[in-house]
Amino acid sequence: MSQNVENQKREQRQRIRQHVIEAIAELMDLYGTTHSSGQLYGIMFFEDRPMTLEEMKMRMNMSKSNMCYAVRSLMESQMVVKLEEKQDRKDLYVAETNFFLAFQNFFTVKLQREIDVMTRAITHVLPELTELIINEQTPDNERQAALPDLHKLRHALKYYEWLQQFVDDLKQKDYFNKPPGP
């Protein structure tokens with residue numbers, strides 16, 4: 001194969017990759033992760049080896065602080081892991097390339113945060129709301145206005161109990177009937 005044809009095919013492959021990287025970035029942005037973090041995950045997804053922060057910084061043309069934030073965000077979502085081994089005393093990072101595991105990791109982290117925030121808020125206000133309703137000093141119109149809030153919050157707690165069970169199932173890593181890994 002001529003050098004020219006080889007270069008054309010390499011460029012074609014890079015365009016294909018870039019298209020998918022942008023789609024990943026767009027999706028991750030949709031789910032609350034920065035576009036640049038999504039791009040970084042996409043780049044790392046296609047790498048056949050771990051990368052250092054410096055390599056990522058060069059590929060993304062980002063500042064070191066923004067790169068560290070993106071990597072930390074991806075690590076919190078378990079989309080990227082830091083390896084024990086190092087390269088020239090530099091930390092190495094690798095992307096989770098199994099989309100089933102990436103889905104499980106990403107969504108269990110995001111959903112668990114939602115559950116924790118909302119459950120904490122609801123359980124914090126329920127006693128005060130209940131007291132407001134049963135207190136003899138509360139005017140009847142306020143009591144009647146507070147009752148629907150109490151019902152809505154109790155219903156929300158049932159939802160978050162269900163969602164917690166869903167997250168626990170996701171964490172089991174066998175939630176999906178999935179084909180074997182790569």
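All values below come from the heavy atoms of this structure, side chains included, with hydrogens, waters and symmetry mates left out.
Heavy-atom neighbours of H19 NE2 from other residues, nucleotides or ligands within 6.0 Å: at or below the threshold of 12. Enclosure of atom CZ in R13 by more than 12 non-hydrogen atoms of other residues, nucleotides or ligands within 6.0 angstrom is indicated. With a 6.0 Å radius and a threshold of 12 heavy atoms from other residues, nucleotides or ligands, M58 has its CE atom at or below the threshold. Atom CG of N61 sits in a sparse spot, with 12 or fewer heavy atoms from other residues, nucleotides or ligands closer than 6.0 Å.
Side chain of E142 to main chain of P139: no donor-acceptor pair is present (N/O by atom type, distance under 3.5 Å, no hydrogens or angles). In this structure, the side chain of S77 does not engage the main chain of L74 through any donor-acceptor pair within 3.5 Å.
Atom CG of L27 and atom NE2 of H35 lie 11.0 Å apart (nearest 0.5 Å). In this structure, I43 CD1 and Q18 CD are separated by 6.5 Å, a value rounded to the nearest 0.5 Å. Taking CG of L170 as the start and CG of L111 as the end, the distance is 7.5 Å to the nearest 0.5 Å. Note: I24 CD1 to D29 CG = 13.5 Å, rounded to the nearest 0.5 Å. A distance of 11.0 Å separates CD1 in I133 from CG in N135, rounded to the nearest 0.5 Å. In this structure, CD1 on I115 lies 3.5 Å from CG on L163, to the nearest 0.5 angstrom.
In plain terms, the two heavy atoms of Q78 and E96 that are nearest each other are O-CB, 4.2 Å. Taking both residues in full, the closest heavy atoms of M51 and E47 are given as SD-CG, 3.4 Å, listed atom of the first, atom of the second, then distance. Taking all atoms of both residues into account, the shortest heavy-atom contact from L53 to C68 is CD1-SG, 4.1 Å. Considering all non-hydrogen atoms of both residues, L132 and T138 come closest at O-OG1, 2.5 Å. Contact detail for I21 and Q39: the closest heavy-atom pair is CG2-O, 3.7 Å. Contact between L157 and L126 at its shortest, heavy atoms only, is CD1-CD1, 3.4 Å.
The side-chain heavy atoms of E161 and Q164, taken from C-beta on, include no pair separated by under 4.5 Å.
A side-chain donor-acceptor contact under 3.5 Å links D169 and Q165. For the residue pair E11/N7, the side-chain donor-acceptor check at 3.5 Å is not satisfied.
Under a hydrophobic-cluster definition in which Ile, Leu, Val, Met, Phe, Trp and Tyr are linked whenever side-chain heavy atoms come within less than 4.5 Å, directly or via other members, I16 and M44 are assigned to different clusters. The hydrophobic clustering, which links ILVMFWY residues whose side-chain heavy atoms are closer than 4.5 Å, places I122 and V117 apart. Linking Ile, Leu, Val, Met, Phe, Trp and Tyr whenever their side-chain heavy atoms come within less than 4.5 Å leaves V81 and M28 in two separate clusters. There is a path of hydrophobic side-chain contacts, each under 4.5 Å, that joins Y31 to M79. V109 and L40 fall into different hydrophobic clusters, where Ile, Leu, Val, Met, Phe, Trp and Tyr are joined by side-chain heavy atoms under 4.5 Å apart, directly or via other members.
Within the structure, the ring-ring contact (aromatic ring centres under 6.0 Å, His included) test picks out the following pairs touching residues 41-87 (sequence neighbours left out): F45-F99.
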Stepwise salt bridge (Lys or Arg N to Asp or Glu O under 4.0 Å) test for R10 and E6 | CA-CA 6 Å; R10 183 180 309 114; E6 189 175 319; 3.3 Å; yes
What do the steps show when you test V80 against V94 for side chain to side chain contact (heavy atoms under 4.5 Å, CB included), and what is the final call?
-> CA-CA 6 Å; V80 167; V94 66; over 6 Å; no
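Using a cut-off of 4.0 Å between Lys/Arg side-chain N and Asp/Glu carboxylate O, K110 and E114 are scored as not salt-bridged. Ionic pairing of R143 and D140 is present here: one or more N-O contacts between side-chain nitrogen and carboxylate oxygen are shorter than 4.0 angstrom.
E76 meets the side chain to side chain contact (heavy atoms under 4.5 Å, CB included) test with R72; sequence neighbours excluded. Under the side chain to side chain contact (heavy atoms under 4.5 Å, CB included) criterion, D91 pairs with K82, K86, Y93, sequence neighbours left out.
When each of Q112, R113, R120 is tested with D116 by the rule side-chain hydrogen bond (donor to acceptor under 3.5 Å, both in side chains), just one qualifies, namely Q112.
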